[in-house]
Visitor: 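For reference, the structure I am asking about is given below.
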Amino acid sequence: MSSHGSQEIVSEKKAVSQSVEPTTLAAAPPVIAGKKQKKVHNAELYAAIQESNINPRSKESFQLYWCIFVAFLCACANGYDGSLMTSILAMEFFQSKFKSGTTGSTVSVIFSLYTVGAMVGAPFAAVISDRFGRKKGMFTGGAVIITGMIIISTANTIAQFIAGRFVLGLGIAVMTVAAPAYAIEISPPHWRGRCTGFYNCGWFGGAIPAAVVTFGTNYIKSDYSWRIPLILQAFACVIVMCSVMFLPESPRFLMANGREEEAIAFLVKYHGNKDPNSKLVKLEVEEMREGIKLDGIDKVWWDYRPLFLTHNGRWRMAQVLMISIFGQFSGNGLGYFNTVIFDNIGVKEVPAQLGYNILNQGLSAIGALTAVTLTDRMPRRKVLVIGTTLCAVALAINAGLSAALDKYTITIPATVEGEKDQQIITQIGYGKGALAAYFLFNVIFSFTYTPLQGVIPTEALETTMRAKGLAASGFIVNAVSFINQFCTPIALGNIGYKYIFVFVGWDLVEALAWYLFGVESQGRTLEQLEWVYNQPNPVKASKTVETVVLADDGVVAAIVEKEPNVSAV
């Protein structure tokens, strides 16, 4: 079988003691005595992984963990901002200084200029990452974020504050193109989902500290209550910039730039247990050579045409578009305005709002990290279909209870003391129910989307277009975030909880889109996905499985022809 699965191996080899060579059978026999059968998406990769058996506790593995952690910190910088501003807006001294209010057009500008900066920075992020490497991309992003932090934390006028938000967005754009590309390109194929999913969970690695810090500094009776959290925005960036130059470069970037020996040395050290004859290393090198051209499109900084003008590119970009849009516009954008949401369902005190913000971030992080541990085993497509449907259900419950609370408060006056007490109890019950449904939505969303927001785009894009595709994804993500951040405070100010009903209907549309157009990428090498996307119907092709026959010691003894996976969603 070739690396893209377009040919079948037809020769049979003898099993040798403990090191059994895989054999391919022309068709799956009904029963093979004493042997177990297993269905996999890529039998050749499965066999190589079984043989390689990377030691997760080796020195090299721990070095790889640190590389992933540095990329994770880049996502922390983004998540820190996402939780930061919703808390700062509720602070007394911030409002005294800038008089922005918590909803309306001024708040819209404060939030949305961050995403405008990220949109402007996206094309430059791709150039930096492709031309100078993933490591230098992360370093450059950190430097720009620190510059933005200085501008915003010293602001005394709303204009300076908004300018700082724009610069922060520029830095985040550069960092969040380079970091996920780096995370997925250095990961062994069977660790890819967990490593890249963990990277995207960095959003909570920033959001939770931001919620805790603002909860504490809210008790400072001066402008430092909001300036200190802004200064701490640079903390993760400092660690990234101090660490990144000591890390190895991405092997796929090295291969794409004519540095094949360095790329192979990386793979041997980190994926092959230092064995240059490792089957996994040989498979990866072969596929990289086939899939990467030294004169590839990544050398032409302005050329995005392959993403849109070919059958392969359009299907790849369909995955990127769906995860980029749906990952921002499924109702999760309400999280930027948690304090307003809490106020609408009866939580009026600022300390309580900030405390619930911490709880919400913590519960969401548990959902996301649980999904990360399962990402390399869970089918991406099925999770997205079911999870998005459940998001719609949770939001519908929240909106329905919010509507009942609103109607009850307005239409039922209390005429007798006992009736007044009963009304208060009922209102509290509706409020608690709406709050629980909102927390449940965030847990479901985080389980469904947070890891896959990093995994899907990087898996869908091939090496020479990965940085550009991630830049395009970043532009789309920030365009949708701009809509969220500009429109949501206005919508919440005008129609309140009714805005949530918009996302209930939209989430059902998203679930249908994943069912019809979602391509399953779990269990395949990045290069083998080229075969999937070249098929007339990539969705159907991605369901194709192969059967491996396992020897008594678990090693692959035979590989059977691919067949349709009738159990796939």
Side-chain angles (χ1 to χ4, degrees), residues 82-83 86-87 89-90 102-103 204 207 211 326-349 352-368 371 384-412 423-450 480-481 483-485 487-511:
S83 177
T86 188
S87 299
L89 281 174
T102 57
T103 59
F204 294 108
F326 300 167
Q328 293 297 315
F329 206 65
S330 297
N332 53 308
L334 297 166
Y336 288 106
F337 308 97
N338 277 339
T339 54
V340 179
I341 298 290
F342 298 149
D343 183 79
N344 286 345
I345 56 181
V347 182
K348 303 293 184 181
E349 297 79 15
Q353 291 174 355
L354 299 181
Y356 276 125
N357 191 41
I358 295 173
L359 178 60
N360 179 61
Q361 301 293 353
L363 292 173
S364 299
I366 291 172
L384 288 164
V385 171
I386 296 173
T388 307
T389 303
L390 293 177
C391 282
V393 172
L395 282 179
I397 295 170
N398 172 267
L401 289 172
S402 297
L405 175 63
D406 185 59
K407 183 178 179 181
Y408 190 89
T409 303
I410 293 172
T411 62
I412 305 181
Q423 178 176 326
I424 292 171
I425 292 171
T426 304
Q427 288 174 329
I428 291 173
Y430 281 143
K432 286 182 177 179
L435 186 63
Y438 183 62
F439 284 168
L440 178 63
F441 160 76
N442 282 290
V443 172
I444 295 170
F445 176 86
S446 299
F447 182 92
T448 303
Y449 277 94
T450 299
V480 177
S481 294
I483 296 171
N484 272 329
Q485 295 174 12
C487 296
T488 299
I490 297 172
L492 289 173
N494 291 336
I495 61 175
Y497 70 87
K498 297 181 183 70
Y499 185 53
I500 297 173
F501 283 111
V502 173
F503 296 104
V504 175
W506 178 245
D507 283 357
L508 295 175
V509 173
E510 291 180 356

Visitor: Between the main-chain N or O of Asn442 and the side-chain N or O of Asn332, is there a donor-acceptor pair closer than 3.5 Å?
Guide: no
Visitor: Looking at residues at least two apart in the chain, or sitting in another chain, which of them share a side-chain contact (heavy atoms from CB on, under 4.5 Å) with Ala207?
Guide: Ser83, Trp203, Gln361
Visitor: Indicate the atoms forming the closest heavy-atom contact of Ala437 with Ala394, along with that distance.
Guide: CB-O, 3.8 Å
Visitor: Roughly how far, to the nearest 0.5 Å, is the OG atom of Ser446 from the CZ atom of Phe441?
Guide: 8.5 Å
Visitor: Check the orientation of Tyr356 and Phe439. Use parallel for under 30°, tilted for 30 to 60°, and perpendicular for over 60°.
Guide: tilted
Visitor: Atom CD1 in Ile386, atom CD1 in Ile444: separation rounded to 0.5 Å?
Guide: 12.0 Å
Visitor: Taking only residues two or more places apart in sequence, or in another chain, which ones meet Phe501 in a ring-ring contact (aromatic ring centres under 6.0 Å, His included)?
Guide: none
Visitor: Could you grab the distance from atom CD1 of Ile397 to atom CD1 of Ile500, nearest 0.5 Å is fine?
Guide: 12.5 Å
Visitor: Check side-chain contact (heavy atoms from CB on, under 4.5 Å) between Val443 and all other residues, then give those that pass, not counting sequence neighbours.
Guide: Leu363
Visitor: Where does the angle between the aromatic ring planes of Tyr499 and Phe503 fall among parallel (under 30°), tilted (30 to 60°) and perpendicular (over 60°)?
Guide: perpendicular
Visitor: Could you pull out all residues at least two apart from Thr388 that satisfy side-chain hydrogen bond (donor to acceptor under 3.5 Å, both in side chains)?
Guide: Tyr449
Visitor: Run the side-chain contact (heavy atoms from CB on, under 4.5 Å) test against Ala392 and tell me which residues pass, sequence neighbours left out.
Guide: Asp507, Leu508
Visitor: Only counting residues at least two apart or in another chain, list the ones meeting side-chain contact (heavy atoms from CB on, under 4.5 Å) with Ala436.
Guide: none
Visitor: For Phe447, enumerate each residue passing the ring-ring contact (aromatic ring centres under 6.0 Å, His included) test, keeping only those at least two apart in sequence or located in another chain.
Guide: none
Visitor: Taking side-chain hydrogen bond (donor to acceptor under 3.5 Å, both in side chains) as the test, write out the residues that go with Ser330, two or more places apart.
Guide: Glu510
Visitor: Mind listing the closest non-hydrogen atom pair of Ala511 and Thr389 along with its distance?
Guide: CB-OG1, 3.4 Å
